[in-house]
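Along the sequence shown, residues are numbered consecutively beginning with 1.
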Amino acid sequence: MSVQQYDKIGEAFEGFKSLPLMLHGEVPSLLGMVGDVSGKSVLDLACGTGFYSREFKRRGAGGVFGVDISVEMIAAARDRERRDPLGVRYEVGDVTELRSLERRFDIALGVQCLNYAEDVAAMERMCRNVHRNLLPGGRFFVLAQKPDYRFDSATLERYGFRCEPTGEELETGPQVRVTALLDPRPVTIVTSAPRREVYEKCLRAAGFSEVEWVPLEVSEAGIQEFGEDFWADLLANPPLEMLRCRA
């Protein structure tokens, strides 16, 4: 699960958010879970090309700082900031080695972040580093592969993705191959689906409390565009799940 797979994707990563699962599932679910960010400082970990960093800044966040391990992802994020200045700052960094930043934040965001930990110790380091950079009482919001996703779904491609186990089992959980069915060329990445208890143990060991799992939902816009029946299989077996906790 090396950083090189993201360096090769670069700007194409933005296209993920246009696929039905992202556009009408992930994005509105995550934004709804986080809620009002007016005047709050946001630390966006594994920020990629800065999609959520920009979105939260537009929603009134007082300061947004994005961190990603991929040089190419951060280059793309900074390029977008130059073209459309919002005041978002970005830095190349590994969450497992995240330094103490100049300030502590009200909110930390980890979208497809903790599930890249190579083992339990690495995930716990990630969680400790996040906790150290949050204000007391700050919130940490996570989105990742659903821990107990059933890979036998035949309809996931309808929502823009293919998700299948590689057959390799990591200490944290099964390794997963995810393909975004972008046109004209699909993009494949390898991640993992850590077990539920691994997340909970690592977060609590790092000092987080009020750990709560939050299910994925489909936006009203998505239901209006495609109809309820279209989303039935996704809601019965969602490939993504969220959680929230407090420092």
Quiz item: Do the side chains of Phe208 and Leu134 get nearer than 4.5 Å, heavy atoms only?
Solution: yes
Quiz item: Is Lys57 salt-bridged to Glu81, cutoff N-O under 4.0 Å?
Solution: no
Quiz prompt | Interatomic distance, Cys245 atom SG to Leu203 atom CG [nearest 0.5 angstrom] | solution = 4.5 Å
Quiz item: In the hydrophobic clustering that connects Ile, Leu, Val, Met, Phe, Trp and Tyr at side-chain heavy-atom distances below 4.5 Å, which members other than Leu23 occupy its cluster, ordered by chain and number?
Solution: none
Quiz item: Is there any side-chain hydrogen bond (donor to acceptor under 3.5 Å, both in side chains) pair reaching into residues 226-239, and which pairs are they, with sequence neighbours excluded?
Solution: Thr155-Asp233
Exercise. For the pair Arg132 (side chain) and Leu98 (backbone), establish whether a donor and an acceptor sit closer than 3.5 Å, ignoring hydrogens and angles.
Key: yes
Practice problem: Hey, can you tell me if Phe226 and Phe230 have their rings parallel, tilted or perpendicular (30° and 60° cut-offs)? | Solution: parallel
Practice problem: Check step by step if side-chain contact (heavy atoms from CB on, under 4.5 Å) holds for Val42 and Phe105. | Solution: CA-CA 6 Å; Val42 178; Phe105 293 80; 5.5 Å; no
Quiz item: Is there side-chain contact between Leu234 and Pro239, with at least one heavy-atom pair below 4.5 Å?
Solution: yes
Quiz item: Is there a donor-acceptor pair under 3.5 Å between the side chain of Ser41 and the backbone N or O of Gly62?
Solution: no
Quiz item: Applying the side chain to side chain donor-acceptor pair (under 3.5 Å) test to His24, which of Glu225, Glu220, Gln224 qualifies?
Solution: Glu225
Quiz prompt | Heavy-atom pair with the smallest gap, counting every atom of Ala77 and Gly48 | solution = CB-O, 4.0 Å
Quiz item: Got a second to check how far Thr166's OG1 is from Gln175's CD, nearest 0.5 Å?
Solution: 3.5 Å
Quiz item: Would you say Phe140 and Leu243 make side-chain contact, with heavy atoms under 4.5 Å?
Solution: no
Practice problem: Answer whether the closest heavy-atom distance between the side chains of Leu21 and Leu216 falls below 4.5 Å. | Solution: yes
Practice problem: For the residue pair Cys113 and Val142, establish whether any side-chain heavy-atom pair is separated by less than 4.5 Å. | Solution: no
Self-check item: Heavy-atom pair of closest approach, residues Pro186 and Thr179
Solution: CB-CG2, 3.8 Å
Self-check item: Evaluation steps, ring-ring contact (aromatic ring centres under 6.0 Å, His included), between Phe161 and Tyr159
Solution: CA-CA 6 Å; Phe161 284 86; Tyr159 312 109; 9.9 Å; no
Exercise. Verify, without hydrogens or angle tests, whether Asp68 (side chain) and Ile74 (backbone) share a donor-acceptor contact under 3.5 angstrom.
Key: no
Exercise. Indicate if Leu31 and Leu43 have the same hydrophobic cluster label, given that clusters are the connected sets of ILVMFWY residues with side-chain heavy-atom separations under 4.5 angstrom.
Key: no
Quiz item: Where is the tightest heavy-atom contact between Gly66 and Ser53, given as atom of each residue plus distance?
Solution: CA-OG, 4.1 Å
Exercise. Supply the atom-to-atom distance Arg177 CZ to Phe151 CZ, rounded to the nearest 0.5 angstrom.
Key: 11.0 Å
Exercise. Spell out, yes or no, whether Leu170 and Met123 are grouped together once hydrophobic residues are joined by side-chain heavy atoms under 4.5 Å, including indirect joins.
Key: no
Quiz prompt | Backbone N/O of Cys127 and side chain of Asn129: donor-acceptor pair under 3.5 Å | solution = no
Exercise. Return each pair, listed once, that meets ring pair (Phe, Tyr, Trp, His ring centres under 6.0 Å) where at least one residue sits in residues 52-94; pairs must be two or more places apart or across chains.
Key: none
Quiz item: With sequence neighbours left out, what residues match Ala232 under side chain to side chain contact (heavy atoms under 4.5 Å, CB included)?
Solution: none
Quiz prompt | Nearest-0.5 Å distance that lies between atom CZ in Arg89 and atom SG in Cys47 | solution = 12.0 Å
Quiz item: Do Leu181 and Arg162 come close enough that some side-chain heavy atom pair is under 4.5 Å?
Solution: yes
Quiz prompt | Partners meeting side chain to side chain contact (heavy atoms under 4.5 Å, CB included) with Thr96 (sequence neighbours left out) | solution = Asp94, Ala122, Arg125, Met126
Quiz prompt | Contact list for residues 235-247, test salt bridge (Lys or Arg N to Asp or Glu O under 4.0 Å), sequence neighbours left out | solution = Arg196-Glu241, Glu210-Arg246, Glu212-Arg244
Quiz item: Cluster question for you: counting only ILVMFWY and a side-chain heavy-atom cut-off of under 4.5 Å, with indirect links fine, are Val27 and Val64 together?
Solution: yes
Self-check item: Shortest non-hydrogen separation from Val130 to Ala108 and the atoms involved
Solution: CG1-CB, 3.7 Å
Self-check item: Side chain proximity check, Val95 to Ile69, heavy atoms < 4.5 angstrom
Solution: no
Exercise. Can you measure from CD (Glu169) to OG (Ser192) and round to the nearest 0.5 angstrom?
Key: 9.5 Å
Quiz prompt | Contact list for residues 42-51, test salt bridge (Lys or Arg N to Asp or Glu O under 4.0 Å), sequence neighbours left out | solution = none
Practice problem: Using side chain to side chain contact (heavy atoms under 4.5 Å, CB included) as the criterion, list what pairs up with Arg58, not counting sequence neighbours. | Solution: Arg54, Glu55, Asp84, Leu86
Quiz item: So does Glu217 have more than 12 non-hydrogen atoms from other groups sitting under 6.0 Å from CD?
Solution: no
Practice problem: Show your reasoning for whether side-chain contact (heavy atoms from CB on, under 4.5 Å) applies to Phe16 and Thr49. | Solution: CA-CA 11 Å; Phe16 282 41; Thr49 53; over 6 Å; no
Quiz item: So if you build clusters from Ile, Leu, Val, Met, Phe, Trp, Tyr with side-chain heavy-atom gaps below 4.5 Å, do Val176 and Tyr149 land together?
Solution: yes
Quiz item: What residues, two or more places apart in sequence or in another chain, satisfy side chain to side chain contact (heavy atoms under 4.5 Å, CB included) together with Leu135?
Solution: Arg104, Asp106
Quiz prompt | Tyr199: ring-ring contact (aromatic ring centres under 6.0 Å, His included) partners, not counting sequence neighbours | solution = Trp213
Quiz item: Would Leu114 and Leu45 show up in the same hydrophobic cluster when neighbours are defined by side-chain heavy atoms closer than 4.5 Å?
Solution: yes
Quiz prompt | Summary of side-chain hydrogen bond (donor to acceptor under 3.5 Å, both in side chains) pairs that have at least one residue in residues 136-147, sequence neighbours excluded | solution = Gln112-Gln145
Compile the donor-acceptor pairs under 3.5 Å between side chains in residues 33-40 and protein atoms, sequence neighbours left out, one pair per line.
residue : atom : partner : partner atom : Å
Asp36   : OD1  : Ser38   : N            : 3.0
Asp36   : OD1  : Ser38   : OG           : 2.7

Quiz prompt | Over all atoms of both residues, closest heavy-atom pair of Leu19 and Gly160 | solution = CD1-O, 3.4 Å
Self-check item: Inter-residue atom distance Met73.CE - Arg78.CZ, 0.5 Å rounding
Solution: 14.5 Å
Quiz item: Do you know the tightest heavy-atom contact between Ser29 and Gly25?
Solution: OG-O, 2.7 Å
Quiz item: Are Phe141 and Met242 side-chain neighbours, meaning at least one heavy-atom pair lies under 4.5 Å?
Solution: no
